Amino acid sequence: MILRLLKNRFQNALASFVDDPAPYLEMIRPSQDPKFGDYQANMAMPLAKQLGKPPREVATQIVAKLDLSGLCTTPEIAGPGFINLRVADSLLVELLQNAIADENRLAIAEVESAEKKRYIVDYSAPNVAKPMHVGHIRSTMIGNALVRILRFYGHDVISDNHIGDWGTQFGMILYGYRRFLDKATYEASPVAELSRLYRHVRQLMDQPTEEGQRIGKLVLEETAKLHAGDPENLALWKKFVPVCMEEIERMYKRLGVEFDYTLGESFYQPMLAPLVDDLLRRGIARETEGAIGIFLDGYEIPVLIRKKDGAFLYSTTDLATVQYRIKEFQPDVMLYLTDFRQSLHFEQFFKAAALMEAGQKLPELVHVKFGTVLGEDGKPFKTRSGDTVGLESLLDEAESRALAVLEKNVGEESESTDLSETARRIGLGALVYADLSQNRESDYVFSFDKMLAMNGNTATYMQYAYARVRSIFTKGNIDIGSLRRSPEPVQISTPQERALAMELLKFDEAIESAVRDYRPNQLTSYLYELANRYSAFFEHCPVLKADDESVQQSRLKLCDLTARTIQLGLRLLGIETVERM
RNA sequence: GCGCUCGUAGCUCAAUGGAUAGAGCAACGGAUUUCUAAUCCGUAGGUUACAGGUUCGAGUCCUGUCGGGCGUGCCA
């Protein structure tokens, strides 16, 4: 909110220098180094070029036009022409009070109603025939965080899990089921057996031999039969899907993720044949080497939408999904959260969708891509046995590690505390944070210990800061309600208090940058920074043992706002806080 | 071959074209009769792969080289 106030003032000042100040307003930003103040404005240098004057002179002229009353102390011009701004403590105090008094949003505004959009966020999308592994965290948790953040901003958001329940993996399972089924295991644990069959057939197909090719062909035949409505294959498919879905639902429950819709590939199946016919009739698609494809300018390969055996493809379903969503939901934006390896597919698919919807208003289609999870060898992650690490066992391990520390720290002293629930939140938080704190576009190297770390820059650190605040309130027997209603202003008397206050008031900037680039790691960095400032404050500024009551009240307010900011910030990431740890 | 992408501290990663490139982990040295030590303070660690270029200013933009990853019509 401080940044917005500054921009308003600069806009007025810059009006007499340029016609369009907008790009120059973007050059106001938080300072990297506190010795340069809280914010800095860098527009004097580029403006100097344009106006043909020395940059420091331009900076001086801007400052002369600038009215910062109530916002900042006198700006300083430094270096080649930086304008360094120090926010007035009176403004900090005023804004803190607004945030404290706002029970739900901490004075973070929604977007203007004209800016509100309807989003469809398409994420997670596991193949139902395979157990979820560590790679699914990326799509699932980045998507989940974006849904939460966009909603908080006041957008209308529809989450849709486009599960893979109709693809070639079922051809593989059908083939395996008929030949390699272990009936006893299937009875006991159908999902485990199906996934074993899947892996087994995958291995057979991947052999670089004629045998491998032959099996590959048979698998595709099973897929084609399923797609053509073969009664036997369809009956088996109907048997498999519900048990797989049950397993997946259980996992989502554990992760704390919910979807508005789970419309998988099979849902669109009846729309595929008519879609292809329509595209053929309109001349958008044509026959090629026995298959049907859409040819795009500038691409060597067409987008295939029907194989020569009649089966449909990924792109066919994607196009049908676009049509369905436009008709059903009229979205403004659709976000697709998938691995960057699908970049070419999405580029082409988006262009094909534009052809398909020519003349209509097409929603903005965005591929929110993310990097691959790599093993320690730098190759896409696999364990020695060829399986990826199951999400389930990873979560189990995270929880048991958290529980071990909890039992040591909190122990028996509090029977009222549900330690296992606390451990669940800490373990899951660690895992989710480890993923979200990466820039989503980067590949990252999977490390068991890093994923489960609970020291340093981890969710645990924020949860710990939160629990420390809660502990103060419990110990001091503080009435939070009356504290929040109290009109007494916060006092800023130490550097630690000021640094904490400053950071608290940058929450909105963090959320905004997370949304702008669809990058939750902007929010994790912020929360770490905030918890870090709180720790410094905690060390230096006694609260319950403050010298006098007004200081105590003031510090309690800072503590409370910190806790609420951390809680809300973590919640936007899909991570829960705990009262004791 | 062509296309996309990445290369930053020992390791894992940050850094909307801005000032002296930052964290965490690991290492080393300190802090607990004090509101939670899952914490804090400090030390050390860098030619941002390399070479040019654009710019007042480049880890960031452009060109080239080297190296890694991915993609490249009937998987998703």
Side-chain angles (χ1 to χ4, degrees), chain A residues 26-27 29 31-33 35-36 40 42 45-46 48-49 54-55 78-82 84 125 127 164 167-169 171-172 205 216 219-220 223 265 288-293 299-309 311 313-315 317-318 338-345 347 371-372 374 376 378-380 402 405-406 408-410 426 434 437-439 441-445 447 449-450 453-458 460-461 463-465 467-476 513 516-517 521-522 524-525 528-529 532 535-536 538-546 555 559 580-581:
Chain A
E26 296 308 309
M27 294 176 194
R29 63 194 54 190
S31 296
Q32 296 297 319
D33 190 322
K35 80 179 175 204
F36 299 133
Q40 59 179 242
N42 302 336
M45 281 83 79
K49 183 93 173 173
F82 295 106
N84 291 337
N127 274 335
T168 306
Q169 76 270 24
M172 292 158 67
M205 282 170 67
V219 162
L220 291 182
T223 312
E265 294 169 343
T288 168
E289 297 174 30
I292 307 294
Y299 290 90
E300 286 179 28
I301 54 168
V303 177
L304 292 185
I305 55 175
R306 195 170 79 196
K307 302 199 255 184
K308 58 186 165 197
D309 66 9
L313 291 141
Y314 190 26
S315 302
T317 312
D318 275 341
T338 83
D339 191 291
F340 79 99
R341 283 174 290 185
Q342 298 183 33
S343 297
L344 180 59
H345 162 75
E347 246 181 67
T372 311
L374 305 174
E376 314 228 348
K379 301 254 162 76
V405 183
L406 274 173
K408 185 161 65 82
N409 291 0
V410 180
I426 294 172
S437 59
Q438 312 277 336
N439 182 329
E441 305 214 34
S442 317
D443 294 345
Y444 75 89
V445 177
S447 146
D449 287 327
K450 188 186 163 199
M454 295 173 194
N455 294 317
N457 186 359
T458 62
T460 315
Y461 185 76
Q463 290 168 322
Y464 185 66
R468 278 172 145 185
V469 172
R470 301 298 306 139
S471 174
I472 289 175
F473 279 76
T474 307
K475 198 148 282 186
S513 63
R516 188 178 49 231
D517 302 323
N521 71 314
Q522 300 283 354
T524 61
S525 318
Y528 179 69
E529 198 63 34
N532 198 243
S535 291
F538 186 87
E539 296 287 327
H540 287 90
C541 307
V543 179
L544 295 176
K545 291 170 186 160
R555 289 182 177 169
C559 286
R580 296 201 57 187
M581 59 191 283

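Here is how names work: the chains are called A, B, and so on, in the same order as the sequence lines, proteins then strands, and each is numbered from 1. Since the model is a prediction, treat every value here as computed from it, not as a measurement.
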Collect all protein-nucleotide pairs involving nucleotides 34-38 of chain B in which both atoms are nitrogen or oxygen and the distance is under 3.5 Å.
unit_1	atom_1	unit_2	atom_2	d
B:rU34	O3'	A:Lys545	NZ	3.3
B:rU34	O2'	A:Lys545	NZ	2.9
B:rC35	O2	A:Val543	N	3.3
B:rC35	O2	A:Leu544	N	2.9
B:rC35	N3	A:Val543	N	2.9
B:rC35	N4	A:Phe538	O	2.6
B:rC35	N4	A:Cys541	O	2.9
B:rU36	OP1	A:Ser471	OG	2.6
B:rU36	OP2	A:Ser471	OG	3.1
B:rU36	OP2	A:Lys475	NZ	3.1
B:rU36	O2'	A:Tyr464	OH	2.4
B:rU36	O2'	A:Arg468	NE	2.9
B:rU36	N3	A:Met581	O	2.8
B:rU36	O4	A:Met581	N	3.1
B:rA37	OP2	A:Arg468	NH2	2.8
B:rA38	OP1	A:Tyr464	OH	3.4
B:rA38	O3'	A:Asn455	OD1	3.3
B:rA38	N7	A:Asn409	ND2	2.9

Residue set satisfying side-chain contact (heavy atoms from CB on, under 4.5 Å) with A:Ala48, at least two apart, ordered chain then number -> A:Pro55, A:Val58
If you round to the nearest 0.5 Å, how far is CG of A:Asp309 from OG1 of A:Thr223? 8.0 Å
Distances for protein N/O vs nucleotides 58-60 of chain B N/O pairs under 3.5 angstrom?
none

Assuming nearest nucleotide by heavy-atom distance, tell me which of A:Ser535 and A:Ser31 is located more 5' along RNA chain B. A:Ser31
Check whether any side-chain nitrogen or oxygen of A:Asn521 sits under 4.0 Å from OP1 or OP2 of B:rC13, and answer yes or no. no
Is RNA chain B part of any stem, that is, at least 3 consecutive Watson-Crick or G-U pairs with both distances under 3.5 Å, and where? B:1-7 with B:66-72, B:10-13 with B:22-25, B:27-31 with B:39-43, B:49-53 with B:61-65
Just checking A:Ala453: base, sugar-phosphate only, or nothing, at a heavy-atom cut-off of under 4.0 Å? nothing
Partner residues of A:Ala467 under the side-chain contact (heavy atoms from CB on, under 4.5 Å) criterion, sequence neighbours left out: A:Met581
Using the test ring pair (Phe, Tyr, Trp, His ring centres under 6.0 Å), find all partners of A:Tyr461 that sit at least two apart in sequence or belong to another chain. A:Tyr528
Would you indicate which nucleotide in B:rG18, B:rU72, B:rA19 comes nearest to any side-chain atom of A:Asn42? B:rG18
Quick one: side-chain hydrogen bond (donor to acceptor under 3.5 Å, both in side chains) partners of A:Asn42, sequence neighbours excluded? A:Gln40
Ring pair (Phe, Tyr, Trp, His ring centres under 6.0 Å) involving A:Phe36 - partner list, sequence neighbours excluded: none
Can you find a side chain N or O atom of A:Asn439 that sits less than 4.0 Å from OP1 or OP2 on B:rA15? yes
Which residues satisfy the side-chain contact (heavy atoms from CB on, under 4.5 Å) test with A:Ala434, sequence neighbours excluded? A:Met451
Residue set satisfying side-chain contact (heavy atoms from CB on, under 4.5 Å) with A:Ser343, at least two apart, ordered chain then number -> A:Phe340, A:His367, A:Lys369
Pick out the pairs of N or O atoms, protein on one side and nucleotides 73-75 of chain B on the other, that lie under 3.5 Å.
unit_1	atom_1	unit_2	atom_2	d
B:rG73	O6	A:Glu289	OE2	2.8
B:rG73	N1	A:Thr288	OG1	2.9
B:rG73	N2	A:Thr288	OG1	2.8
B:rC74	O2	A:Lys308	N	3.0
B:rC74	N4	A:Glu289	O	2.9
B:rC75	OP2	A:Lys307	NZ	2.4
B:rC75	O3'	A:Thr168	OG1	3.1
B:rC75	O2'	A:Thr168	OG1	3.4

Touch class at under 4.0 angstrom, heavy-atom based, for A:Asp318 against every strand present: nothing
All salt bridge (Lys or Arg N to Asp or Glu O under 4.0 Å) counterparts of A:Asp339, not counting sequence neighbours: A:Arg341
